[in-house]
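Quick note: numbers below take in every heavy atom, side chains included, and nothing from hydrogens, waters or symmetry partners. None of the values given here were measured: they were computed from a predicted structure.
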Amino acid sequence: MSTVEQVRGGCLCGAIRFTVTLPTLFCGHCHCSMCRRNHGAAYVTWFAVPRSQFSVDSGLDQVTRYESSAHGSRSFCSRCGSSLFCVSSHLPDLVDIPLANMDTAIDRIPESHIYFDDRAAWTVVGDDLPRLGGPSGLEPIS
Ligand SMILES: [Zn+2]
Ligand SMILES: [Zn+2]
């Protein structure tokens, strides 16, 4: 009998709590300018799961959705302002979740830098992970 593994996360104030059922599909650092501004950080470490493996356990009434582009929306806690989920009509069956909002480790560690050519000039990266970019953010760059 297999065990369904779940991990939990939440916003800073704790009003919003959510559960993710493993396995995840992706984990990487996004250097795009929208992530940078939305999270107030050099880059944002996201992981993705199918929407069917994601559920909000409490605080759904505090989840505010913002249309951040023609094809995507970002959600945040209306009480504490924590930046949370990101969804795109390009990949409608997935939800992106910030790794930093999880209580514990997930089933993978960050695998790549995406939109790396969009990074802030002051961002210094010292790891050996693949650095991807271009229009899709996912193409190899040198
Ligand atoms: Zn909150
Ligand atoms: Zn981004």
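Closest approach of Ser69 to Gly72, counting heavy atoms only: OG-N, 3.1 Å. Residues Ser83 and Asn101 come closest through the heavy atom pair O-OD1, 3.8 Å. Nearest heavy atom pair, residue Val125 against residue His31, reads CG2-CE1, 4.0 Å. Nearest heavy-atom pair across Ala42 and Trp122 is CB-CZ3, 3.5 Å.
Interatomic distance, Gln62 CD to Cys11 SG, rounded to the nearest 0.5 Å: 8.0 Å. Put simply, CZ on Arg79 and CG on Asp61 are 11.0 Å apart, with the number rounded to the nearest 0.5 Å. Expressed to the nearest 0.5 Å, how far OH of Tyr43 lies from CZ of Arg119 amounts to 11.5 Å. A distance of 10.5 Å separates CG of Leu91 from CZ of Phe26, quoted to the nearest 0.5 Å. From Ile106, atom CD1 reaches atom CG of Leu22 across 7.5 Å, with rounding to the nearest 0.5 Å. With rounding to the nearest 0.5 Å, the separation of CG in Leu132 from OG in Ser112 is 5.0 Å.
The side-chain hydrogen bond (donor to acceptor under 3.5 Å, both in side chains) check on Ser136 picks up Glu139, with sequence neighbours excluded. Residues that satisfy the side-chain hydrogen bond (donor to acceptor under 3.5 Å, both in side chains) test with Asp107, not counting sequence neighbours, are Thr24. Applying the side-chain hydrogen bond (donor to acceptor under 3.5 Å, both in side chains) test to His29 and every residue at least two apart in sequence or in another chain returns Thr45. Asp128 is linked by a side-chain hydrogen bond (donor to acceptor under 3.5 Å, both in side chains) to nothing, counting only residues two or more places apart in sequence or in another chain. Residues meeting the side chain to side chain contact (heavy atoms under 4.5 Å, CB included) test with Val63, sequence neighbours left out: Ile16, Leu60, Ser75. Under the ring-ring contact (aromatic ring centres under 6.0 Å, His included) criterion, Phe18 pairs with Phe54, Phe85, sequence neighbours left out. In this view, Thr19 and Gln6, Arg8, Ser55, Asp57 satisfy the side chain to side chain contact (heavy atoms under 4.5 Å, CB included) rule, not counting sequence neighbours.
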Report the C-alpha separation of Arg65 and Ser73 in whole Å, then their side-chain angles, then the decisive distance to 0.1 Å, and conclude whether the side chain to side chain donor-acceptor pair (under 3.5 Å) test is met.
CA-CA 6 Å; Arg65 234 174 90 153; Ser73 74; 3.2 Å; yes
Worked check of side-chain contact (heavy atoms from CB on, under 4.5 Å) between Cys27 and Leu99:
CA-CA 8 Å; Cys27 184; Leu99 183 57; 4.0 Å; yes
Between Val49 and Leu94, is the side-chain contact (heavy atoms from CB on, under 4.5 Å) condition met? List the steps.
CA-CA 6 Å; Val49 287; Leu94 301 187; over 6 Å; no
Given side-chain contact (heavy atoms from CB on, under 4.5 Å), test His113 with Asp127 step by step and report yes or no.
CA-CA 10 Å; His113 293 273; Asp127 62 39; 3.0 Å; yes
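Think of Leu12 as one node in a network of Ile, Leu, Val, Met, Phe, Trp and Tyr side chains linked at under 4.5 Å; it has no links at all. Other residues sharing the hydrophobic cluster of Val124, ordered by chain and number and joined by side-chain separations under 4.5 Å: none, the residue standing alone. Hydrophobic clustering, defined by side-chain heavy atoms of Ile, Leu, Val, Met, Phe, Trp and Tyr closer than 4.5 Å, groups Tyr66 together with Phe76. In the hydrophobic clustering (ILVMFWY side chains linked at under 4.5 Å, chained through shared members), Val44 is joined by Trp46.
Residue pairs meeting the side-chain hydrogen bond (donor to acceptor under 3.5 Å, both in side chains) criterion with at least one member in residues 84-100, sequence neighbours excluded: His71-Ser88.
Atom CD1 of Ile109 has 12 or fewer heavy atoms from other residues, nucleotides or ligands within 6.0 Å.
Side chain of Arg36 to main chain of Asp118: a donor-acceptor pair is present (N/O by atom type, distance under 3.5 Å, no hydrogens or angles). Checked by atom type and distance alone, the side chain of Asp117 pairs as donor or acceptor with a backbone atom of Gly134 at under 3.5 Å. Although no hydrogens or angles enter the test, the distance criterion places no donor-acceptor pair under 3.5 Å between the side chain of Arg74 and the main chain of Leu84.
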